[in-house]
Amino acid sequence: MAGRVWLRGGRVLDPASGRDGRADVLIEDGCIVAVEDALAGVSDAEVVDAAGLWVAPGFVDLHAHLREPGQEYKEDIASGGRAAAAGGFTAVCCMANTNPVNDDPSVTDYILDRARKDSPVRVLPVAAATKGLAGEVMTEMSALVAAGAVAFSDDGKTIMDSGMQRRVLEYSRLVEKPVMVHAEDQTLVRDGVVNEGAVSTKLGLPGNPAVAEIVHVARDLLLAELTGAHLHVAHVSTAGAVAHVREARARGIHVTAEVSPHHLTLTDEATLGYDPNTKMAPPLRGKDDVAACIAGLADGSIDAIATDHAPHAVHEKEVEFTAAPPGVLGFETAFAVVLELVRRGQLTPLQLIGSLSWNAARVLGLAMGRLERGAAADVVLLDPTRRWVYDPAQGFSKSRNSPWAGRELEGRVLATWVGGRLVYQQGRGVLVP
Ligand SMILES: [Zn+2]
């Protein structure tokens with residue numbers, strides 16, 4: 001039931017208004033009805049004592065793989081939605097590389113129908129830019145937008161044909177949706193599985209060079225400039241890509257960008273033990289790249305933190321490094337992992353929360369990610385000092401592939417409300433549907 005909830009005395013972090021301080025938040029009938037320094041005389045409300053805790057807008061994830069339809073053994077909309085709720089996410093974008101690919105309004109309809117029935121959080125479908133992610137024939141963008149697509153992406157694949165990429169960007173302007181790019185030049189990646197450099201040499205594994213990303217980011221920025229389209233660069237991982245995005249923004253090109261928790265906190269050194277749970281695309285990079293990604297987030301060149309939540313079954317990941325599929329879980333560890341940047345003084349709490357919520361919502365042009373009177377009550381309650389050990393087997397995802405498995409983390413999501421409904425409470429689990 002969406003009753004009246006009074007979140008009392010927490011540190012309220014609202015990036016949209018810049019509020020960072022002790023305040024009360026009142027939720028009623030699914031909406032935020034008051035954010036005040038101190039409310040008084042509220043009757044019939046469930047009081048949540050938030051003293052010492054953070055109250056923030058629900059997180060908005062621009063990049064996740066929910067695997068439904070077609071790969072429900074890895075994840076489905078119900079399990080992915082539950083993991084998202086436990087991670088403090090109230091809305092998640094799901095990428096189109098399902099089976100069938102989300103390149104047709106019937107698939108978008110299916111995803112949204114499953115989400116309404118199965119997911120405790122809002123699901124925002126990202127449709128494919130080209131049919132079957134093959135990079136050859138464009139999808140019908142206006143029909144996909146009419147069905148509910150919030151953006152277009154061939155994520156997992158890169159549109160190698162520059163002429164096709166130009167047309168995709170041109171058409172995206174007509175439907176006013178961003179094109180999210182997985183920027184990796186496949187002719188440079190070839191069979192590379194780890195960052196090309198000292199670590200790949202030490203491991204004796206084929207390297208995936210930073211320039212594979214940089215070349216495509218540079219190309220796509222030029223095409224965005226030519227077409228006037230909104231380019232969104234997914235999972236930036238290199239200093240070179242950050243520099244290109246920063247320079248393009250300064251020139252007025254319509255570009256936004258995201259970075260993943262793993263590219264912000266892990267280097268390629270993490271792969272030295274050949275653990276397939278440290279294999280991603282793009283790969284973990286060197287420490288200068290990680291520093292550049294953090295600096296890009298801090299100075300606003302990179303808008304958002306997006307998980308790239310990518311579940312894979314145990315039997316797929318427990319193979320030799322070169323054979324394992326790339327990708328790691330992200331929802332349930334994201335907040336704790338990136339909170340490290342606040343502890344190190346590299347981001348303020350408001351910047352961190354902004355990159356997880358308001359900034360991400362703005363990339364999509366959605367009215368989410370804020371604690372404003374009248375806004376839907378998508379809210380998270382966070383304990384920034386709670387320590388816990390992450391065990392994927394105790395989590396909500398169907399998969400286990402995480403580089404943080406067994407690690408002690410600091411910072412925990414205590415509760416998540418979507419439209420005023422308590423969907424997750426730490427200790428009690430996911431409560432709806
Ligand atoms: Zn990708």
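Start at 1 and go down the list; that is how both ligands and their atoms are numbered.
Atom ND1 is the N/O/S atom of H182 found closest to the Zn ion (ligand 1).
Atom OG1 in T416 sits 10.5 Å away from atom CD in Q426 (nearest 0.5 Å).
Relative to the six-membered ring of W358, R370 misses at least one condition, a distance below 6.0 Å or an angle of at most 45° to the axis.
Across all non-hydrogen atoms, the minimal contact from P120 to V418 is O-CG2, 3.5 Å.
Under 2.8 Å from the Zn ion (ligand 1) lies an N/O/S atom of H235, whether from backbone or side chain. Metal site remark for the Zn ion (ligand 1): D155 contributes an N, O or S atom at a distance under 2.8 Å.
For the residue pair N359 / S357, no side-chain donor-acceptor distance below 3.5 Å is found, with atom types taken as modelled.
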